[in-house]
Amino acid sequence: MPKQAADTVIVLDFETTGLSPDNGDRAIEIGAVLIQNGEVVDSFQRLMNPGRRVNSFIENYTGISNAMLKDADGCAQVMAEFCDFIGDYNLVAHNASFDRRFLDAELAIIDRQYGGDFACSMLIARRLYQQAPNHKLGGLVEYKNLPTEGVFHRALADAEMTARLWLQMLEDIAMEYDKTDLTFRQVQKLAKIPKAGVASFLQKL
DNA sequence: TGCCAGGCCCTCTTTAGGGCCTT
């Protein structure tokens, strides 16, 4: 696995009560891994009590039950600890706009901030793997034959899979374009490149 | 009561609509 500057990131994933913090949805689990030099060197996983019951769809979708959340620490305490964990590292998530909304909403409640920037593994995968049958996290993991623990829709498991996908994308760029020293900003910028211009963009770096 | 996200991206587009992704 090539060592690259872009490797030093936090890959995170939220499980939540629904799709929109603007509609009152809250985080119920956060999972994250720290990648440095192409390897996972640290991780963070906590359930958090959102202060109300989660519906049966979420229980079934995530496997996180109300019983599991009953004695969990509240969002404020967990998110404060998570904010310490992420520090000012750059961040990666699959469909990052979703996780960013919840991270921003939960940290706003406790008046905390972070200094890193987000990259979206889904938008980048849409550029790099244009032939993939879909760009769901599970679909991309299958498409690239990445190892899994067989657990889906739990925060740490999904963060670990996203991390493997992220590293795979860096490796594929390194192999195909001989670019082994990409910065986070360069990889992040891929998400904004028109699909037809991806190869040209990477070749010119 | 009824409704309920938001950003990206494609196209039979741009005075818009709908699918993909995330829970």
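Numbers restart at 1 for each chain; the letters A, B, ... are given by sequence-line order, proteins then strands.
A:Ile28 comes within 4.0 angstrom of no nucleic acid atom, judged by non-hydrogen atoms across all strands. Backbone-only engagement by A:Asp13 is indicated by non-hydrogen atom pairs under 4.0 Å involving sugar-phosphate atoms exclusively. Note on A:Ala191: only backbone sugar-phosphate atoms sit closer than 4.0 angstrom, heavy atoms only; bases stay farther off. A:Asn134 comes within 4.0 angstrom of the backbone, heavy atoms only, and of no base. Residue A:Phe57 is in base contact, counting any heavy-atom pair closer than 4.0 Å across all strands shown.
When rounded to the nearest whole Å, the span between CZ of A:Arg100 and P of B:dC8 equals 10 Å. Distance A:Phe152 CZ to B:dT23 P: 12 Å, rounded to the nearest Å. Put simply, CD on A:Glu15 is 5 Å from P on B:dT23, counting in whole angstrom units. The distance between atom CG of A:Leu140 and atom P of B:dC20, rounded to the nearest whole Å, is 14 Å. Nucleotide B:dC20 holds its C1' atom 10 Å from the NZ atom of A:Lys195, rounded to whole Å. Protein atom NE2 of A:His135 is 12 Å distant from nucleotide atom P of B:dC9, rounded to whole Å. If you measure from atom CE of A:Met161 to atom C1' of B:dC21, you get 14 Å, rounded to the nearest angstrom. Between A:Lys136 atom NZ and B:dG19 atom P the separation is 14 Å, expressed in whole Å.
A:His94 has no side-chain polar atom (N or O) that falls below the 4.0 Å cut-off from OP1 or OP2 of B:dC21.
Side-chain contact check for A:Phe118 versus A:Leu103: some heavy-atom pair is nearer than 4.5 Å. You'll find the side chain of A:Thr17 stays beyond 4.5 Å of the side chain of A:Asn55, heavy atoms only. A:Trp166 is listed as a side-chain neighbour of A:Val187, based on a closest heavy-atom distance under 4.5 Å.
Taking for each of A:Leu123 and A:Asp158 the nucleotide of DNA chain B with the nearest heavy atom, the 5'-most of the two is the partner of A:Leu123.
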Using the 3.5 Å cut-off, write out each protein N or O paired with an N or O of nucleotides 3-7 of chain B and the distance between them.
{"unit_1": "B:dG6", "atom_1": "OP1", "unit_2": "A:Asp22", "atom_2": "OD2", "d": "3.0"}

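Taking the six-membered ring where the residue is Trp, A:Phe14 and A:Phe102 present tilted rings, their angle falling between 30° and 60°.
Here A:Asp84 pairs with A:Arg112 in a salt bridge; the nearest charged N to carboxylate O distance falls below 4.0 Å.
Inspection of the A:Ser20 and A:Asp25 side chains reveals no N or O donor paired with an N or O acceptor under 3.5 Å. Between the side chains of A:Thr62 and A:His153, not a single donor N or O lies within less than 3.5 Å of an accepting N or O.
Partner A:Ser121 forms a side-chain contact (heavy atoms from CB on, under 4.5 Å) with one of A:His94, A:His135, A:Met161, A:Gln168 and no other, that one being A:His94.
On the P atoms, B:dG19 is 15 Å away from B:dC4, given to the nearest whole Å. Atom name P, nucleotides B:dC3 and B:dC8: the rounded distance is 28 Å, in whole Å.
The side chain of A:Thr62 lies closest to B:dT23 when the candidates are B:dC10, B:dT23, B:dC21. For A:Arg127, the listed nucleotide lying nearest its side chain is B:dC8; candidates were B:dC8, B:dT23, B:dC21.
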